[in-house]
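Let me begin by presenting the structure, written as structure tokens, before commenting on it.
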2 protein chains.
Amino acid sequence: MVDTKENIREKIITVADDLFYRNGYVQTSFSTISEAVGISRGNFYYHFKTKDEILDAVINRRMGNVQRMLDQWETEGKKPEDRIRCFINILLMNKVKIKQFGCPIGTLSTELVKLEHESQEEANKLFTLIRGWLRDQFIALGKKKEADELAMHLLARSQGIATLANAFHDEKFIKNEVKQMNEWLESTIKKQ
Amino acid sequence: MVDTKENIREKIITVADDLFYRNGYVQTSFSTISEAVGISRGNFYYHFKTKDEILDAVINRRMGNVQRMLDQWETEGKKPEDRIRCFINILLMNKVKIKQFGCPIGTLSTELVKLEHESQEEANKLFTLIRGWLRDQFIALGKKKEADELAMHLLARSQGIATLANAFHDEKFIKNEVKQMNEWLESTIKKQ
DNA sequence: GTCTATATTAAGATAGAC
DNA sequence: GTCTATCTTAATATAGAC
């Protein structure tokens with residue numbers, strides 16, 4: 001791939017995304033990113049004027065990734081319950097990284113709240129995107145009235161699992177809880 | 001109260017505890033703490049040589065607070081299920097602060113993991129203390145085999161609720177989920 | 001035991017040569 | 001478009017006067 005301006009910009013965002021996830025936003029300095037990308041710190045400012053700008057670009061990138069993931073689940077899962085199962089199983093798919101670094105959405109949100117960062121709401125859109133998609137699946141299951149509540153419940157369960165799996169560096173716990181979440185889904189669908 | 005060396009040390013720990021909770025560990029500087037305590041930055045180093053030392057003192061303080069809380073629940077709740085309900089209800093008791101700053105134990109743990117901080121394990125003892133206590137309650141309920149699993153499940157649910165309530169700044173969500181957790185407890189006790 | 005002054009380091013950010 | 005050099009600020013931490 002040729003090193004056009006756009007390509008380098010993309011590379012910076014990819015690297016920053018990963019570093020923000022592994023080490024947190026505050027801990028990730030311009031030096032760290034530019035070193036990982038392989039350009040000088042000075043050159044860096046040609047592409048991004050402030051650290052906040054990189055953050056917004058990273059959030060934007062993650063929004064795209066989440067949207068693509070949801071689109072894929074729409075194709076993969078024929079029935080809404082299958083699609084919800086795709087969401088639940090992502091904890092299993094990413095269990096190694098979750099054990100090491102937690103949930104990328106949850107840990108970023110937690111960090112930005114403490115920073116009182118102005119991009120808090122922007123980062124929350126990642127949660128909102130998934131929440132709305134889950135809600136749509138529950139509506140398709142005929143749970144229109146409780147759809148949003150059920151969506152939030154699943155989101156919260158996932159966040160809690162990620163937080164504890166990360167704290168205790170415990171993969172087995174994820175497997176166990178995913179199983180229980182699937183059982184919860186079964187019994188919720190059957191109700192009424 | 002007289003300003004003995006011990007008293008000032010205690011005051012520093014109390015102030016640091018609060019600031020770590022509200023703004024995070026990294027964000028809280030010596031200046032911020034000393035200013036809040038009302039002593040000069042230079043004097044500060046007479047009481048604590050490094051920031052890590054303050055962190056350990058804060059974790060230690062929190063350990064004491066959690067232990068006292070568990071002791072109180074032992075007195076308050078006659079039956080183990082009542083004691084577990086004390087744990088569940090703490091989300092409601094602290095709902096305003098959780099909405100604003102999340103769970104003090106969970107957010108510290110998340111931050112220390114990203115920092116790769118050496119006190120990670122020390123901070124995890126806060127989780128472990130509650131986990132063990134919950135496990136004891138489930139054992140008293142005759143659930144010896146699944147006791148630890150049930151304890152972790154409750155811990156994870158609480159963490160997830162705190163994370164999302166914090167992200168969305170939503171108190172109502174806490175109320176809703178606490179109700180569901182109590183219902184889950186009822187049906188879990190009844191099983192078998 | 002508390003203060004002021006200062007050393008040191010690293011961060012975000014800019015200027016200007018090439 | 002990329003670099004080196006530099007500015008500015010703020011943090012941890014220390015030295016030494018009182």
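What you see is a predicted model, and the numbers here were worked out from it, not measured in a lab. We name chains A, B, ... by the order of the sequence lines, and we start the count at 1 in each one.
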ask   = Does A:R83 reach the main-chain N or O of A:G77 with its side chain, forming a donor-acceptor pair under 3.5 Å?
value = yes
note = Expected string for nucleotides 2-18 of chain D under the B/S/- scheme (protein heavy atoms, under 4.0 Å, primed atoms plus P, OP1, OP2 as sugar-phosphate) is BBB------SBBB----
ask   = What's the NZ-P distance between B:K11 and C:dG1, to the nearest Å?
value = 17 Å
Integer-rounded Å distance: C:dA11 P and A:I54 CD1 = 13 Å
request  = Could you tell me how the ring of A:F168 sits relative to the ring of B:F127: parallel (under 30°), tilted (30 to 60°) or perpendicular (over 60°)?
outcome  = tilted
request  = For B:Q67 and B:D71, test the side chains for any donor-to-acceptor distance below 3.5 angstrom and give the result as yes or no.
outcome  = yes
Contacts of B:S119 that satisfy side chain to side chain contact (heavy atoms under 4.5 Å, CB included) - sequence neighbours left out = B:L55, B:D56, B:I59, B:H117, B:E122
note = Apart from A:Y21 itself, its cluster of hydrophobic side chains linked below 4.5 Å comprises A:F101
